Amino acid sequence: MPHNILMPRIMEVGGGALDRLPGVLAALGVQRPLIVTDRMMMELGYVDRAQGLLRDVGMVSDVFADTVPEPTERSITAGVEKMRQGLANGQGFDSVVAIGGGSPIDSAKAIGVLAHFGGEIRDYKFPHQADQSGLPLIAIPTTAGTGSECTRFTIITDDTVDEKMLCVGVGFMPTAAIVDYELSLSVPARVTADTGIDALTHAIEAYVSRKANGFSDQQALAAMRLIGPNLRIVYHEPDNRAAREAMMLGASLAGLAFSSASVALVHGMSRPIGAFFHVPHGLSNAMLLPAVTRYSIEAAQQRYATCARAIGAANAANSDAAAVRLLVRELLALNTELEVPGPAAYGISRDKWQAALDTMAEQALASGSPGNNPRVPDAGQIVALYETVWHQRM
């Protein structure tokens with residue numbers, strides 16, 4: 001059967017790729033972007049650098065820097081209004097440039113679509129499809145994590161009900177991606193760990209997804225082979241440029257993989273944790289990955305065994321049964337070494353966790369992601385998995 005494959009029209013990859021920004025805009029026939037970012041990117045000087053590159057060639061830009069971690073409908077409203085108002089000289093923006101981690105890129109996707117097509121972000125909640133391209137979006141990631149620069153997805157929280165909404169479609173696929181690993185050299189250890197496990201989760205879930213296909217398989221395996229040997233290195237050696245480059249490329253390949261094959265149960269269960277308890281997305285994925293993998297293995301042992309070999313947890317001499325045991329062991333060991341806290345250690349109270357379980361399970365199922373899992377759970381099984389994660393040693 002055919003598979004719908006979307007990817008950026010232009011990709012600039014490698015150290016110093018940010019310098020290609022003016023050429024990318026010119027190739028797309030645009031020259032008046034709104035730069036969507038956050039305050040940290042301003043402080044690090046990345047936005048000044050980008051604007052300087054544009055000024056040097058006579059391009060005009062403006063900045064919306066008020067995106068927040070785990071973006072909400074409320075947090076993007078001002079950006080949508082700024083986009084609509086255009087530049088002070090009366091010329092409207094003709095494109096969006098996103099600089100930052102997954103949250104600024106996801107915010108930029110939503111801002112671009114809403115400013116161009118109108119409506120509210122809940123109008124685009126899955127299963128609705130944003131099936132038309134809007135303003136060109138150039139995504140410039142600064143973390144090796146979400147892969148949002150290569151996906152047709154954005155995640156925005158509905159403030160009124162504390163629900164993370166999955167929004168899908170060609171309208172959310174960046175037109176271009178600039179993947180410059182040098183921008184990740186300043187990322188602190190905690191963010192490096194969380195975003196790295198996020199990327200690993202994308203690759204594994206894309207490979208075991210019921211929607212996996214020949215294209216996504218190759219991207220997912222390549223991503224795992226890059227991320228597996230390098231995640232610990234970048235955590236302990238933040239200035240290791242070769243490892244940073246491998247992680248950045250691995251995250252983008254994982255993004256291509258899950259944009260084609262979708263994510264599965266880990267992500268379905270992760271989003272409600274983020275919405276209810278404001279846990280960063282990569283960290284909630286890390287909390288869930290060992291338990292959900294152990295639960296799912298029986299329905300796709302061979303696929304999970306291949307994942308184990310791809311990340312270096314097992315080798316060709318190991319049987320599939322042995323390989324999957326080594327995979328779970330490796331995921332637990334990775335969480336221990338990267339100091340991933342469990343829900344209690346993160347500061348979530350037991351009573352609040354239990355009170356939210358049924359609603360979190362309902363939201364997880366409503367997202368559609370659990371339906372892509374090799375072993376599809378019901379609400380009761382998801383609640384049981386949440387309980388397992390609470391008691392699981394980290």
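Excluded from the calculations below are hydrogen atoms, water molecules and symmetry mates; all remaining heavy atoms, backbone and side chain alike, are included. Since we're looking at a predicted model, the values are computed, not measured.
- Residues Ser209 and Asn372 bring no donor and acceptor atom of their side chains to less than 3.5 Å of each other.
- Glu339 and Arg190 are not joined by a salt bridge, as no carboxylate oxygen comes within less than 4.0 angstrom of a charged side-chain nitrogen.
- The backbone N or O of Val266 lies less than 3.5 Å from a partner atom in the side chain of Glu205, making a donor-acceptor pair.
- Arg49 and Asp19 are joined by a salt bridge, as a carboxylate oxygen and a charged side-chain nitrogen come within less than 4.0 angstrom of each other.
- A cation-pi arrangement is present between Arg303 and Tyr207, with the terminal nitrogen or guanidinium carbon under 6.0 Å from the aromatic centre and inside a 45° cone about the axis.
- In the model, Glu70 has no side-chain atom that pairs as donor or acceptor with a side-chain atom of Thr157 under 3.5 Å.
- Nearest heavy atoms, Pro229 versus Leu226: CD-O, 3.6 Å.
- Under the 3.5 Å distance criterion, with hydrogens and angles disregarded, no donor-acceptor pair is assigned to the side chains of Thr388 and Arg294.
- Using a 30° and 60° split on the angle between ring planes, Trp353 and Tyr386 fall in the perpendicular class, above 60°.
- Within 6.0 Å of CD in Glu81 there are more than 12 heavy atoms belonging to other residues, nucleotides or ligands.
- Atom CE of Met11 is surrounded by more than 12 heavy atoms from other residues, nucleotides or ligands within 6.0 Å.
- A distance-only check finds a donor-acceptor pair linking the side chain of Asp94 to the backbone of Gln31 [under 3.5 Å].
- Ionic pairing of Arg232 and Glu330 is present here: one or more N-O contacts between side-chain nitrogen and carboxylate oxygen are shorter than 4.0 angstrom.
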**OP:** List the steps and the verdict of side chain to side chain contact (heavy atoms under 4.5 Å, CB included) for Arg309 and Met224.
**Re:** CA-CA 9 Å; Arg309 298 182 186 106; Met224 282 186 268; over 6 Å; no

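- The two residues Leu137 and Ala108 have their closest heavy-atom pair at CD1-CB, 4.1 Å.
- In the hydrophobic clustering of this structure, Ile111 does not group with Ile99; members are Ile, Leu, Val, Met, Phe, Trp, Tyr whose side-chain heavy atoms approach within less than 4.5 Å, directly or through other members.
- Atom CZ of Arg74 has 12 or fewer heavy atoms from other residues, nucleotides or ligands within 6.0 Å.
- At a cut-off of 3.5 Å, with distance as the only test, no side-chain donor of Ser259 or Thr151 sits close to an acceptor on the other residue.
- Hydrophobic clustering (ILVMFWY, side-chain heavy atoms < 4.5 Å, transitive): Leu326 and Leu332 are in distinct clusters.
- Aromatic ring orientation, Phe172 versus Tyr124: perpendicular (interplanar angle above 60°, classes split at 30° and 60°).
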**OP:** Check step by step if side chain to side chain contact (heavy atoms under 4.5 Å, CB included) holds for Leu221 and Arg225.
**Re:** CA-CA 6 Å; Leu221 289 170; Arg225 290 175 184 132; 3.8 Å; yes

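- Taking a cutoff of 4.0 Å between a charged side-chain nitrogen and a carboxylate oxygen, Arg350 and Glu387 qualify as a salt bridge.
- In this structure, the side chain of Ser262 does not engage the main chain of Phe258 through any donor-acceptor pair within 3.5 Å.
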Subject >> Step-by-step side chain to side chain contact (heavy atoms under 4.5 Å, CB included) determination, Leu385 to Gln381 >> reply: CA-CA 6 Å; Leu385 281 167; Gln381 289 170 314; 5.6 Å; no

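- More than 12 heavy atoms of other residues, nucleotides or ligands sit less than 6.0 Å from atom CZ of Arg84.
- The backbone N or O of Asp48 sits nowhere less than 3.5 Å from a side-chain atom of Gln51 that would complete a donor-acceptor pair.
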